[in-house]
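Okay, structure first, notes after.
Values in this document were obtained by computation on a predicted structure and should not be read as measured data. Just so it is clear, the values below take in all heavy atoms, side chains as well, and ignore hydrogens, waters and symmetry mates. We're numbering straight along the sequence, starting at 1.
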Amino acid sequence: KMKFSQDAKLIECVPNFSESNTTKIDEIIGKIKKINNVALLDVNLNKDHNRAVVTFIGTPLVVETAAFYSIMKATELIDMSKHKGKHPRIGATDVVPLIPYRNVTMEEGIKLANKLGGAVGYHLGIPVYLYAEAAKSEERIKPDYLFIKDLVAGRPVFTHPLAKGGFRLRYGRCRNSGFSAQAVHP
């Protein structure tokens, strides 16, 4: 069990991976576990949805590193062209919510979401969209109203990108692994 000091800055990360194969998820989680000072809190596999929701916590730099390497491994292992499941999905790593847990301001969380999104987009080439508090426009997309309106050729259509509050590609380029959304939640 990981113990953090009372004054440590902690942020929780809850990446959602479009996979429920235990072997693949174990490999992805292995990347998280290899990072020092990360506490893995939960792994929830859903076979019907073909989805895994992983929860871990640590200092911002540690969480950023663990999230990046888990996204990289998921991109390597998950082929979205063969994905089946009841849950709508947008990529090998659908969303990566970051939740300021202790001694981390919302502003610091937003900077971390942008830093992680930029690294994923630049180094892995995965299109990254920012939403919730991390969205860069004044018209924030609230998680309660987020839904996939339609699928066109296997790709999700949220809104027209130039529409008020619409998703805008912030980092990365197109890949077979789909895309990822980064956010900060209060």
Please check: side-chain N/O of S18 versus main-chain N/O of G91, any donor-acceptor pairing under 3.5 Å? yes
Take F17 and D94, measure what side chain to side chain contact (heavy atoms under 4.5 Å, CB included) needs, and give me the verdict at the end. CA-CA 6 Å; F17 301 105; D94 272 347; over 6 Å; no
Close side-chain approach of I11 to I99, heavy-atom, < 4.5 Å: no
Among all residues two or more places apart in sequence or in another chain, which pass the side-chain contact (heavy atoms from CB on, under 4.5 Å) test with Y101? L10, I57
Flag if over 12 foreign heavy atoms under 6.0 Å of CZ, F4: yes
Who are the side-chain hydrogen bond (donor to acceptor under 3.5 Å, both in side chains) partners of E107, not counting sequence neighbours? none
Can you pull the salt bridge (charged side-chain N to carboxylate O under 4.0 Å, His left out) pairs that have at least one residue in residues 54-72, sequence neighbours excluded? E64-K115
Taking the side chain as every heavy atom from C-beta outward, state whether T93 and N16 have any pair of such atoms under 4.5 Å apart. no
Please report the interatomic distance CG(L40) to SG(C13), rounded to the nearest 0.5 Å. 11.0 Å
Nearest 0.5 Å please: distance from the CD atom of E12 over to the CG atom of L41. 6.0 Å
For residues 21-38, dump all side-chain donor-acceptor pairs below 3.5 Å to protein atoms at least two apart in sequence or in another chain.
{"unit_1": "N21", "atom_1": "OD1", "unit_2": "T23", "atom_2": "N", "d": "2.9"}
{"unit_1": "N21", "atom_1": "OD1", "unit_2": "K24", "atom_2": "N", "d": "3.0"}
{"unit_1": "K24", "atom_1": "NZ", "unit_2": "L77", "atom_2": "O", "d": "3.4"}

I want to check something: taking the side chain as every heavy atom from C-beta on, are V120 and L116 in contact at a cut-off of under 4.5 Å? yes
For the pair R102 and D7, find out whether any cationic side-chain nitrogen is under 4.0 Å from an anionic carboxylate oxygen. no
Side chain to side chain, F68 and L124, heavy atoms closer than 4.5 Å: yes
Is there side-chain contact between T105 and E108, with at least one heavy-atom pair below 4.5 Å? yes
Contacts of N103 that satisfy side-chain contact (heavy atoms from CB on, under 4.5 Å) - sequence neighbours left out: K9
Return the set of residues passing side-chain hydrogen bond (donor to acceptor under 3.5 Å, both in side chains) with S20 (not counting sequence neighbours), or none when no residue passes. N50
NZ on K73 to CD1 on I78, rounded to 0.5 Å: 11.0 Å
